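One structure is given here, and the rest of the page talks about it.
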Amino acid sequence: MTYKIKFMEGQMTVSILVSSIMQVVLVNVIPILCWLKFGRKKQSFLKWIGLKIPKINNRMCFFTFLILGFILFSALGVMILLYFTNKSDIAASQFYGVGISGIIAALLYAFVQTGLSEEMLFRGFIGKRAISAFGFVVGNTIQALLFGCLHGVMFYLNTGILNATIITIFTAIIGWVMGYINEKLSDGSIIPSWILHGSANLFSAFIMMFNIL
């Protein structure tokens, strides 16, 4: 029985690793094509998308917003679990009851499959291009609304229009805060929002792993 459980855990880890790599690659197809067309001669793709070491402008403000973002993101995850949908309807449900043995798979899910791919797309590609075209307030709002709408649509069938709207608004606010952290407090690096996003998703995975709620 022990060997069977370990084999299943290994399968889950490999499956999430493969799907994580595929998701990051697929998400970046359009950004890479745009970079080849418009940004290749100016800077490397990673810098163009914002994957660079952050330069923190105001540490107090930076950590305040980082903590605020984590609280908002984690609170959203708890609300979704408690009030908006069944545990089986969320992505983290795959970790239900696996305990600490699922930590590697959970880290891949939180920081690569969801965190990295979504940050590269929304804060890195959409956000930076929109901010460049329309200025920070409008551009950051565009990426935040799209980020919120994606999550609202994901939950619409299971929660209904009212709850999906609440999730959309809440997630859009979180997206706006993460965009602010990156562009105004981190010299355009998306690494802070990646860490924030991944940590919040890992928190949700931990809730499922240890059946906390």
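Side chains are part of it too, since the values below use all heavy atoms of this structure and drop only hydrogens, waters and symmetry mates. Along the sequence shown, the residues carry numbers beginning at 1. In this text, all values refer to a predicted model and were calculated from it rather than measured experimentally.
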When rounded to the nearest 0.5 angstrom, what distance separates [atom1] in [X] from [atom2] in [Y]?
{"X": "I16", "Y": "I21", "atom1": "CD1", "atom2": "CD1", "result": "12.5 Å"}
{"X": "L150", "Y": "L145", "atom1": "CG", "atom2": "CG", "result": "12.5 Å"}
{"X": "N28", "Y": "C34", "atom1": "CG", "atom2": "SG", "result": "11.0 Å"}
{"X": "I191", "Y": "E119", "atom1": "CD1", "atom2": "CD", "result": "11.5 Å"}
{"X": "I80", "Y": "F155", "atom1": "CD1", "atom2": "CZ", "result": "4.0 Å"}

Does the ring pair (Phe, Tyr, Trp, His ring centres under 6.0 Å) test come out yes or no for F122 and W176, once each step is laid out? CA-CA 10 Å; F122 288 99; W176 205 94; over 10 Å; no
State yes or no: do [X] and [Y] share one hydrophobic cluster built from I, L, V, M, F, W and Y residues joined by side-chain heavy-atom distances below 4.5 Å, directly or via other members?
{"X": "I212", "Y": "F70", "result": "yes"}
{"X": "L146", "Y": "I131", "result": "yes"}
{"X": "I56", "Y": "L68", "result": "yes"}
{"X": "V25", "Y": "I49", "result": "yes"}
{"X": "L82", "Y": "F73", "result": "yes"}

Using side-chain contact (heavy atoms from CB on, under 4.5 Å) as the criterion, list what pairs up with I166, not counting sequence neighbours. F84, L162, N163
Taking all non-hydrogen atoms of both residues, which atom of [X] and which atom of [Y] are closest, and how far apart?
{"X": "A106", "Y": "M209", "answer": "CB-SD, 3.8 Å"}
{"X": "F62", "Y": "L185", "answer": "CA-CD1, 3.7 Å"}
{"X": "F134", "Y": "I142", "answer": "CD1-CD1, 3.8 Å"}
{"X": "T159", "Y": "A164", "answer": "OG1-N, 3.5 Å"}
{"X": "S20", "Y": "V112", "answer": "CB-CG1, 3.7 Å"}
{"X": "P192", "Y": "L66", "answer": "O-CD1, 3.9 Å"}

Within 45° cone of W48 ring axis and under 6.0 Å: R129 NZ or CZ: yes
Taking only Lys NZ, Arg NE, NH1 and NH2, and the carboxylate oxygens of Asp or Glu, determine whether E183 and K128 approach each other closer than 4.0 Å. yes
Backbone N/O of Y109 and side chain of T114: donor-acceptor pair under 3.5 Å: yes
Could you tell me if the side chain of I100 sits less than 4.5 Å from the side chain of F210, heavy atoms only? yes
Counting neighbours of CD1 on I104 that are heavy atoms of other residues, nucleotides or ligands and sit closer than 6.0 Å, is the number greater than 12? no
